[in-house]
> 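Below are the structure tokens for one structure; questions will follow.
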Amino acid sequence: MLNHIHQWTRPLKRFPLKSLTPLSSLTFTKPSASASAAADTNPADTYDPAASLEILKCLKSKDLYSSSLCLKTLVDRLNSVQVDEVIGDLGAEDPELAIELFYLLKNEHGFRHSRVCSFVVAHVLAGKRRLMELRSFLRELVEEEGSGSAPSLCELLGNRFRVWESNGLVWDMFAFVYSRSEMVHDALFVLAKMKDLNIRASILTYNSLLFNLRHTNIMLDVYEEIKASGTPQSEYTTSILVDGLCRQSLFQEAVAFHQETERKGSMPSVVSFNTLISRFCEVGYVDVAKSFFCMMFKYGLLPDAYSYNILIHGLCVAGSMEEALEFTDDMENHGVEPDVVTYNILAKGFHLLGMMCGAWEIIRHMLHKGLNPDIVIYTILMCGHCQTGDIEKVSELREEMLSQGFQLNDICYSVLLSSLCKKGRISEALSLLHEMESIGLKPDLVTYSILIHGLCKQGEVQHAIQLYNKMHSKRVFPNSFTHSAILWGLSEKGTLSEARTFFDALTKSGLIKDIVLYNIMIHRYAKHGKIGEAVQLYKQIFESRITPSIVTFNSLIYGFCKSRKLAEARTWLDAINTHGLVPTAVTYTTLMNALCEEGNIRGMLEVLSEMETRAIKPTSVTYTVVVKGLCKQHRLQESLHLLDSMHAKGISPDEFTYNTIIHCFCKAQDMRKAFQLHSEMLLHNVQPGPVTYNVLINGLCVNRDLKEADRYFSFLQDQNIRLTKPAYTTLIKAHCAKGDASKADALFRQMVEKGFEISIRDYSAMINRLSRRKLTTNVKVFLRMMLSDGISLDQEICLVILNAFRGVGDLNSEFELLAVTIKHGLFPD
DNA sequence: CTAGGGTTAG
């Protein structure tokens with residue numbers, strides 16, 4: 001039977017849980033008499049060294065597993081120290097059994113083995129050259145011990161195990177797993193100790209360490225050490241260094257290093273080339289990447305599938321789909337078959353361009369080639385259709401994935417969650433989270449961040465914080481994405497000082513250096529007109545040794561505009577260049593909007609042309625501001641022209657643009673043109689929103705017969721078009737102004753029925769208007785409605801109503817209300 | 001070394 005067990009070659013990490021099931025189900029040997037007897041007695045008061053000797057004998061004769069009863073005896077009878085001793089003894093005699101016993105006791109019986117015991121097992125594994133198992137074993141050990149554990153573990157390893165034959169191997173693997181578990185300081189400590197003991201580290205360990213240090217300047221120190229130690233390097237050593245230098249923005253050094261290999265007599269490797277191509281693509285230098293690609297041929301090297309995929313990816317991200325497709329053909333012509341990854345990259349490229357039909361075309365092509373779409377490409381498709389709002393297609397895809405035997409993974413769920421959140425459908429998102437958990441998927445940092453962000457955007461900050469705490473308790477730790485969502489939520493929903501407290505708590509430690517957090521805070525101060533505080537924070541950015549981004553400057557400029565300090569805003573705009581940044585459309589649009597508000601349309605247009613000469617593409621927001629400005633000067637024809645030229649330039653006007661221009665035509669009493677623009681919206685597939693309809697309703701109320709407004713309103717309701725509260729209040733106000741209390745009354749009731757939140761402001765607006773017209777019967781009705789709605793009176797409204805009652809001579813009502821007023825302490829002194 | 005999910009500004 002044991003032979004059976006020993007044939008299991010799977011890594012030990014997976015071994016424990018499954019090991020007992022087959023063992024205990026086997027019933028070929030009767031439990032020994034001594035074992036049964038021992039199990040019947042209470043272990044606590046019958047601790048018996050002789051019994052453990054018996055068990056050890058049992059073990060040595062490989063009879064341990066003959067029954068689970070025997071094992072239970074062992075567990076009950078021995079204490080940790082003795083178990084460790086048994087395993088230690090066994091390690092030399094029967095290593096396999098020692099390892100099995102170790103795991104069995106640890107995982108099934110909760111034994112905490114000593115470190116000594118663990119190292120025995122490690123040496124046994126090393127001696128047997130079971131390196132994968134050794135790696136996962138040590139990995140588990142260092143992860144349990146945590147960071148900072150290296151010194152004490154090293155001491156043990158150096159003192160008690162030097163004589164073991166495989167000690168050097170254990171040391172090396174020990175350093176390796178620390179590095180792999182991202183406990184870099186511990187790894188460095190182990191390496192230093194190894195140097196003292198004259199044990200050489202393998203290149204694998206060094207490579208892993210170089211990789212983990214690739215963002216830091218310690219990387220080169222480690223490289224020096226590798227050279228000094230004379231450890232033979234692998235081709236990955238070079239590529240990791242090239243990668244690291246690029247990541248530290250030392251591109252010239254990276255290229256020099258890459259070429260240095262040539263001087264040393266060997267060729268630069270394909271891997272090293274691939275790294276360079278990848279990094280140059282990443283920073284947007286696709287042309288440079290392409291020249292490295294071509295250079296490979298000159299060296300007589302053939303690009304592999306990675307080389308092609310990396311370059312094709314770079315081209316897709318840069319939006320050069322044609323070229324990406326050309327390289328795919330080229331790939332085939334050179335005898336490198338495009339693989340699933342290639343097609344996924346191409347599909348992503350189409351998705352980025354918003355061309356989902358292109359992505360589908362790629363799938364067709366794949367199928368034609370006999371390749372099956374994988375979960376990645378399905379995710380890309382889902383993501384694309386989520387963005388276009390085609391929920392139908394998304395659920396179809398989901399069904400198809402399931403029918404293809406793919407279980408949705410955490411990333412698919414995140415895509416779905418994200419699209420629900422963006423649509424504000426938070427409760428559906430939350431139930432999807434539940435679904436995810438119920439099928440055993442663990443939401444990760446991104447998943448939680450998406451939800452937290454969604455909740456904050458909906459104003460449910462408290463709920464978001466709950467989730468934030470939950471994620472903490474599941475040991476998923478927030479990063480700057482999560483923090484910024486919470487900070488944004490607090491600053492939007494809570495008070496500025498609440499947000500600031502959170503911000504200070506985050507930044508105080510000095511560990512979190514994130515410009516986005518500063519940007520959010522600065523923007524809030526700017527919005528509240530506290531430009532002084534904003535500038536203060538700007539200074540703090542430099543003290544914290546962070547680099548401001550263009551968003552930082554945009555927010556500051558916005559702040560100065562908001563505080564009507566346009567000259568200063570202009571100065572800040574000019575200062576952007578000195579920080580090596582380039583203004584964006586947002587920068588200019590902010591300033592233009594402020595000039596527009598100030599009525600300085602000429603100034604606004606000057607900024608627009610400045611923007612154009614600097615080749616910064618205006619967006620639809622920019623043009624909307626211009627439309628607003630032109631309308632202010634009643635230049636309606638020009639604004640219509642602008643609308644046309646927007647279409648021509650391929651910058652489609654959005655709902656805001658149309659709302660702005662429609663509003664202008666309403667103000668100019670040209671309802672015909674206003675409605676014509678509304679039709680044009682539909683024609684261009686721009687969905688009119690509640691604001692559009694409110695503008696139109698208001699236009700009809702002001703410019704036409706009220707009956708027409710009523711008819712349009714009913715028409716919209718019949719069409720099931722979503723209207724918001726202002727549509728109702730606009731119409732109610734118009735009816736009140738006309739003195740039609742009953743119509744106003746009916747509309748108000750409708751508004752209540754639809755479930756809109758009605759505030760004291762809505763009631764008092766209504767009561768005010770009715771009172772002014774001395775319609776006291778209606779006033780009484782509304783008063784009762786308001787009180788039954790749980791809204792209490794305020795002083796202002798009392799006075800208005802009292803006046804109305806007095807005006808019509810309704811003394812009873814006047815005195816009744818007066819009593820209430822006094823009782824509630826609302827009567828003025 | 002390549003492919004799928006998440007922040008801030010008008």
Side-chain angles (χ1 to χ4, degrees), chain A residues 211 235-236 239-240 242-243 246 269-279 281-282 304-314 316-317 339-349 351 374-384 386 409-419 421-422 444-454 456-457 479-488 491 514-524 526-527 549-559 561-562 584-594 618-622 624-625 656:
Chain A
F211 179 79
E235 63 175 7
Y236 287 98
S239 103
I240 293 166
V242 167
D243 182 47
C246 289
S269 68
V270 174
V271 182
S272 181
F273 264 111
N274 290 350
T275 306
L276 275 178
I277 296 169
S278 169
R279 294 284 84 84
C281 281
E282 203 175 78
D304 60 10
Y306 279 100
S307 324
Y308 276 104
N309 286 344
I310 291 166
L311 187 59
I312 291 169
H313 179 239
C316 283
V317 170
D339 57 10
V340 182
V341 176
T342 320
Y343 292 115
N344 288 351
I345 291 168
L346 290 170
K348 165 82 177 183
H351 159 57
D374 65 0
I375 193 159
V376 174
I377 202 159
Y378 273 116
T379 312
I380 295 171
L381 288 172
M382 285 216 299
C383 190
C386 276
N409 64 14
D410 46 349
I411 296 185
C412 292
Y413 271 103
S414 296
V415 168
L416 295 172
L417 281 169
S418 159
S419 83
C421 285
K422 276 181 189 142
D444 68 359
L445 175 61
V446 177
T447 322
Y448 278 116
S449 298
I450 291 170
L451 273 165
I452 287 172
H453 184 237
C456 288
K457 284 276 170 187
N479 66 0
S480 62
F481 281 86
T482 335
H483 289 140
S484 59
I486 299 269
L487 181 63
W488 190 91
S491 70
D514 185 18
I515 190 61
V516 176
L517 294 175
Y518 280 90
N519 290 347
I520 292 171
M521 214 54 229
I522 288 177
H523 179 248
R524 278 306 142 173
K527 196 164 192 156
S549 71
I550 187 61
V551 180
T552 320
F553 287 97
N554 289 348
S555 298
L556 283 164
I557 290 169
Y558 171 70
C561 288
K562 196 92 184 164
T584 61
V586 179
T587 324
Y588 282 103
T589 310
T590 307
L591 187 59
M592 283 168 64
N593 187 51
T619 65
S620 63
V621 185
T622 317
T624 304
V625 170
F656 287 90

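Naming: A, B, ... by sequence-line order, numbering from 1 per chain.
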> Between dT7(B), dG4(B), dT2(B), which one does the side chain of Asn409(A) approach most closely?
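Closest nucleotide among those given: dG4(B).
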> Hey, are the side chains of Trp488(A) and His453(A) touching, using non-hydrogen atoms and a 4.5 Å cut-off?
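With C-beta onward as the side chain, the pair stays apart.
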> Counting the atoms with a prime plus P, OP1 and OP2 as sugar-phosphate, which does Ser449(A) contact under 4.0 Å by heavy atoms, base, sugar-phosphate, or nothing?
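Result for Ser449(A) = base.
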> Keeping the roles fixed (side chain from Ser484(A), backbone from Phe481(A)), state whether a donor-acceptor pair exists under 3.5 Å.
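Present.
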> Looking at Tyr413(A), I want to see if its OH is surrounded by more than 12 non-hydrogen atoms of other residues, nucleotides or ligands under 6.0 Å.
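Correct, the count exceeds 12.
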> Applying a 4.0 Å non-hydrogen cut-off, can you work out what Ile450(A) is touching in the nucleic acid: base, sugar-phosphate, or nothing?
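The residue Ile450(A) makes sugar-phosphate contact but no base contact.
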> Under 4.0 Å between any heavy atoms, over every strand shown, what does Phe211(A) touch: base, sugar-phosphate, or nothing? Just pick one.
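Sugar-phosphate contact only.
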> For residues Cys412(A) and Ile375(A), determine if any side-chain heavy atom of one lies less than 4.5 Å from a side-chain heavy atom of the other.
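Sidechains of Ile375(A) and Cys412(A): in contact.
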> Need one value for Val621(A): base, sugar-phosphate or nothing, where a base atom within 4.0 Å counts as base even if backbone is also close, heavy atoms only.
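Since a base atom lies under 4.0 Å of Val621(A), the category is base.
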> Are Tyr306(A) and dT2(B) stacked, counting the six-membered base ring, centres under 5.5 Å, planes under 30°?
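No, the aromatic ring of Tyr306(A) does not stack with the base.
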> Would you say that Leu517(A) contacts His483(A) through its side chain, given a criterion of any heavy-atom pair below 4.5 Å between the two side chains?
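Yes, side chains in contact.
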> Keeping the roles fixed (side chain from Ser278(A), backbone from Asn274(A)), state whether a donor-acceptor pair exists under 3.5 Å.
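Answer holds: no.
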> Under 3.5 Å, is there any donor-acceptor pair linking the side chain of Thr589(A) to the base of dG10(B)?
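For Thr589(A), whose side chain was compared with the base of dG10(B), there is a donor-acceptor pair (under 3.5 Å).
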> Starting from P on dG6(B), measure out to CD1 on Ile452(A) and report it in whole angstrom.
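Those two atoms, CD1 and P, are 15 Å apart.
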> State which of dT2(B), dT7(B), dG10(B) makes the closest approach to the side chain of Ile345(A).
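The answer is dT2(B), which lies nearest to the side chain.
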> For the side chain of Ile375(A), counting heavy atoms from C-beta on, which of dT8(B), dG4(B), dG6(B) is nearest?
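Looking only at side-chain atoms, Ile375(A) lies closest to dG4(B).
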> Ignoring hydrogens and angles, does a donor from either the side chain of Thr619(A) or the base of dG10(B) sit under 3.5 Å from an acceptor on the other?
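Yes, the side chain and the base share a sub-3.5 Å donor-acceptor pair.
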> Is Leu445(A) touching bases, backbone alone, or none of the nucleic acid, heavy atoms closer than 4.0 Å?
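Base, at least one base heavy atom under 4.0 Å.
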> Within this structure, what is the CG-to-C1' distance between Leu517(A) and dT7(B), rounded to whole angstrom?
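Taking CG of Leu517(A) and C1' of dT7(B), I get 9 Å after rounding.
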> What is the distance, rounded to the nearest whole Å, between atom NZ of Lys562(A) and atom C1' of dA9(B)?
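That distance rounds to 13 Å.
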> Any idea which of dA9(B), dT8(B), dG4(B) is nearest the Ile520(A) side chain?
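Output: dT8(B).
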> Report yes if a donor N or O on one partner sits less than 3.5 Å from an acceptor N or O on the other, where the partners are the side chain of Asn479(A) and the base of dG6(B); otherwise report no.
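Donor-acceptor pair under 3.5 Å: yes.
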> Just to confirm, is there a sub-4.0 Å distance from OP1 or OP2 of dA3(B) to any side-chain nitrogen or oxygen of Lys348(A)?
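Answer is no, no contact under 4.0 Å.
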> Please give, in whole Å, the distance from dG6(B) P to Asp514(A) CG?
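Asp514(A) atom CG is separated from dG6(B) atom P by 17 Å.
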> Are His313(A) and dA3(B) close enough that a side-chain N or O sits under 4.0 Å from OP1 or OP2?
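So the side chain of His313(A) is within the cut-off, an N or O lying under 4.0 Å from OP1 or OP2 of dA3(B).
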> Using the side-chain heavy atoms of Ser418(A), tell me which of these nucleotides is nearest: dG6(B), dG4(B), dG10(B).
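Closest nucleotide among those given: dG6(B).
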> Choosing from dG4(B), dT8(B), dG5(B), which nucleotide comes nearest the side chain of Trp488(A)?
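The answer is dT8(B), which lies nearest to the side chain.
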> Between dG6(B), dG10(B), dT8(B), which nucleotide has the shortest distance from any of its atoms to the side chain of Phe481(A)?
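Closest nucleotide among those given: dG6(B).
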> Can you tell me which nucleotide in dG10(B), dG5(B), dG6(B) comes closest to the side chain of Tyr558(A)?
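The answer is dG10(B), which lies nearest to the side chain.
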> Can you check whether Lys457(A) has a side-chain N or O nearer than 4.0 Å to OP1 or OP2 of dT8(B)?
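Affirmative; the distance criterion is met.
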> Within the structure shown, what part of the strands sits under 4.0 Å from Ser239(A) by heavy-atom distance: base, sugar-phosphate, or nothing?
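Counting heavy atoms under 4.0 Å across all strands, no contact is made by Ser239(A).
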> Does OP1 or OP2 of dG10(B) have a side-chain N or O of His523(A) closer than 4.0 Å?
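For dG10(B), OP1 or OP2 has a side-chain N or O of His523(A) closer than 4.0 Å.
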> Please pick, from dA3(B), dG6(B), dC1(B), the nucleotide with the shortest atom-to-atom distance to any side-chain atom of Asp374(A).
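So the nucleotide nearest the side chain must be dA3(B).
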> Considering every strand and a 4.0 Å limit on heavy-atom distances, what is the contact class for Thr622(A): base, sugar-phosphate, or nothing?
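It contacts base atoms.
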> If I take atom CD1 in residue Ile377(A) and atom P in nucleotide dA3(B), what distance separates them, rounded to the nearest angstrom?
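Roughly 14 Å, once rounded to whole Å.
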> Is any side-chain heavy atom of Asn309(A) closer than 4.5 Å to a side-chain heavy atom of Asp339(A)?
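The answer is yes; the side chains approach within 4.5 Å.
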> What about Thr447(A): does its side chain form a donor-acceptor pair under 3.5 Å with the base of dG5(B)?
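Answer yes: a donor N or O sits under 3.5 Å from an acceptor.
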> Among dA9(B), dG4(B), dC1(B), find the nucleotide with the atom closest to the side chain of Val376(A).
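In terms of side-chain proximity for Val376(A), the closest of dA9(B), dG4(B), dC1(B) is dG4(B).
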> Atom CG of Leu346(A) and atom C1' of dG4(B): how far apart are they, to the nearest Å?
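So the two atoms are 15 Å apart, to the nearest Å.
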> If I take atom CD1 in residue Ile522(A) and atom P in nucleotide dG10(B), what distance separates them, rounded to the nearest angstrom?
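In whole Å, dG10(B) P lies 13 Å from Ile522(A) CD1.
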> Nearest-Å distance, CG (Leu417(A)) to P (dT7(B))?
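My rounded result for the distance is 12 Å.
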> For residues Tyr308(A) and Thr342(A), determine if any side-chain heavy atom of one lies less than 4.5 Å from a side-chain heavy atom of the other.
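The answer is no, as the side chains (C-beta and beyond) never meet within the 4.5 Å cut-off.
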